[in-house]
Number of protein chains: 2
Amino acid sequence: MADHVDLVLAQWAVRRPDLDVSPMAVIGRLSRLSRLVDAELRRTFTAHGLDAASFDVLATLRRSDPPHSLTPAELMRSSMVTSGAITQRLDRLEARGLVSRSPSASDGRSVVVALTDAGRDLIDEALPDHVATEARLLAALTEGERDALATTLATLLESLSEEKDGKGGKDKKA
Amino acid sequence: MADHVDLVLAQWAVRRPDLDVSPMAVIGRLSRLSRLVDAELRRTFTAHGLDAASFDVLATLRRSDPPHSLTPAELMRSSMVTSGAITQRLDRLEARGLVSRSPSASDGRSVVVALTDAGRDLIDEALPDHVATEARLLAALTEGERDALATTLATLLESLSEEKDGKGGKDKKA
DNA sequence: CCCAGATGTCTTAGCGCTGAGATACATTGC
DNA sequence: GCAATGTATCTCAGCGCTAAGACATCTGGG
């Protein structure tokens, strides 16, 4: 019943008994789990000729209102990557004919990125496999555990997002 | 109370009502959380002249028995990165005088990586800040929630690790 | 009306990692 | 002994991302 993180905690207890390393029980597992999950998801993406970055953009467009178009700035905020990363992702997807870029009618600085028919077909085909993979990765949990996990992760996500936005902030002056 | 993932789930319910995307409630939050956590941890590492990769290696060595030495292969298994990544991490740390490499006495193919005094001083100085940062990131949870979260993540971690090792195989029954 | 600051997109250098493979040494079965 | 296989380390090209910054365009207060 001891995973890698349990061993790490036991080692720290010997080397640095002065430190309370208990937060690692959560953060350490979160990190390792994320790596394992990413690796598994990648297999599904590869099977459909995609990678995580491309899938992310196509899925975000697919979720948006028809005609499934967003600006690079919106994609950037949704994806948590920099603007340079979005530019390059779109370059790759555009070269493959999966998205199109056209100047925005309402904002001269902006661009409208839209799913092409080929892009929509590809993401619609990959999606069922993707969610099936996700479901398989969670198969070890009961439904109750899954729900509780989602709730707790949502709590953490909100607390970190707020911190990042400066809302309420840490404890410094408002 | 609605985080980004709740919005994503609501969008999929409209665009693809045929799909059960509920696994995203967990997997999606796991991914985003991991990104946010990594970004926060990085700030602490940077403050000590480190990055996540260097910290990982130094901390792994520090946890090992005195004289705090391991082989690249052991570091590779602990870190979940490829051998090429370990070689490069060690190149950087060795160039800074934080670790040393010497040929193994017992295995002609192998190398012994050891913390130098400077490396040990650096990791011992950074560690308290690091665990403090981790504790701050979890401050939104009660102790009970933290424990339950650690337990559930451990369950997932074990199930994915076993799958990877081929133990029990991919197919359900043993 | 106009300008200063905010915003949107793209460019580029540099970084760390992967994946494939090269090389050397170790181990096992015969 | 020795061939076949496995293990340990390193090399290197290629990839996607970040950070910093260049431009163009928008917006709101004098």
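Chain identifiers are assigned alphabetically (A, B, ...) following the order of the sequence lines, protein sequences preceding nucleic acid strands; residue numbering begins at 1 within each chain.
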Donor-acceptor pair under 3.5 Å, A:Arg109 side chain vs C:dT7 base
yes

Indicate yes or no for a side-chain donor-acceptor contact from A:His68 to the backbone of A:Ser64 under 3.5 Å, with no hydrogens or angles considered.
yes

Are any side-chain N or O atoms of A:Arg35 and backbone N or O atoms of B:Met80, one a donor and one an acceptor, separated by less than 3.5 Å?
yes

Taking atom P of C:dG19 as reference, at what distance in whole Å does atom CZ of A:Arg43 sit?
12 Å

Flag the pair B:Leu70 / B:Thr60 as yes when at least one side-chain heavy-atom distance between them is below 4.5 Å, and no otherwise.
yes

Give a yes or no on whether the backbone of B:Ala132 and the side-chain of B:Arg136 come within a donor-acceptor separation of less than 3.5 Å.
no

Residues of residues 89-104 of chain B with a heavy atom under 4.0 Å from any atom of DNA chain C, listed by number, are B:Arg89, B:Arg92

Residues of residues 69-83 of chain A with a heavy atom under 4.0 Å from any atom of DNA chain C, listed by number, are A:Thr71, A:Pro72, A:Ala73, A:Arg77, A:Ser83

Student check: side-chain heavy atoms of B:Trp12 and B:Leu19 closer than 4.5 Å:
no

Taking for A:Gln88 and for A:Ser106 the nucleotide of DNA chain D with the nearest heavy atom, the one nearer the 5' end belongs to A:Gln88

Within the side chain of B:Thr116, is there an N or O that forms a donor-acceptor pair under 3.5 Å with the backbone of B:Leu98?
yes

So what is the end-to-end bend of the helix from C:dC1-D:dG30 to C:dC30-D:dG1, with 5 pairs used at each end and the value given to 10 degrees?
20°

Would you say the side-chain atoms of B:Glu125 pair up with the backbone N or O of B:Leu122, donor to acceptor, closer than 3.5 Å?
no

Would you mind telling me which residue lines up with the more 5' stretch of DNA chain C, A:Arg35 or A:Val111, judged by nearest nucleotide?
A:Val111

Counting distance only, does the side-chain N/O of A:Thr151 pair as donor-acceptor with the main-chain N or O of A:Asp147 below 3.5 Å?
yes

Could you work out, with side chain to side chain contact (heavy atoms under 4.5 Å, CB included) as the rule, every residue matching B:Ser79, not counting sequence neighbours?
B:Asp56, B:Val81, B:Ile86, B:Arg89

Residues A:Arg42, A:Asp38; criterion salt bridge (Lys or Arg N to Asp or Glu O under 4.0 Å); working and verdict
CA-CA 6 Å; A:Arg42 183 151 35 86; A:Asp38 283 352; over 6 Å; no

A:Ile86 CD1 to C:dG8 P: how many Å, rounded?
13 Å

Validation row: A:Leu90, A:Leu75 side chains within 4.5 angstrom (heavy atoms)
yes

Please classify the nucleic acid contact of B:Ala53 as base, sugar-phosphate, or nothing, using heavy-atom distances under 4.0 Å.
sugar-phosphate

What does A:Thr87 touch in the nucleic acid at a heavy-atom separation under 4.0 angstrom: a base, only the sugar-phosphate, or nothing?
base

Under 4.0 Å, counting only non-hydrogen atoms across every strand here, what does B:Gly108 touch: a base, just sugar-phosphate, or nothing?
sugar-phosphate

Of A:Ala85 and A:Asp107, whose closest DNA chain D nucleotide lies nearer the 5' terminus?
A:Ala85

For B:Val37, the side chain to side chain contact (heavy atoms under 4.5 Å, CB included) test, sequence neighbours excluded, returns A:Ile27, A:Leu30, A:Leu160, B:Leu41, B:Leu137

Distance check: side-chain N/O of A:Arg42 vs OP1/OP2 of C:dC17, anything under 4.0 Å?
no

Looking only at side chains, do A:Ser34 and B:Ser34 share a donor and an acceptor under 3.5 Å apart?
yes

Test item: A:Thr82 and A:Met76 side chains (from C-beta on) under 4.5 Å apart, heavy atoms:
no

Between which nucleotides of DNA chain D, read 5' to 3', does contact with chain B run, using atoms under 4.0 Å from its heavy atoms?
D:dG6 to D:dA19

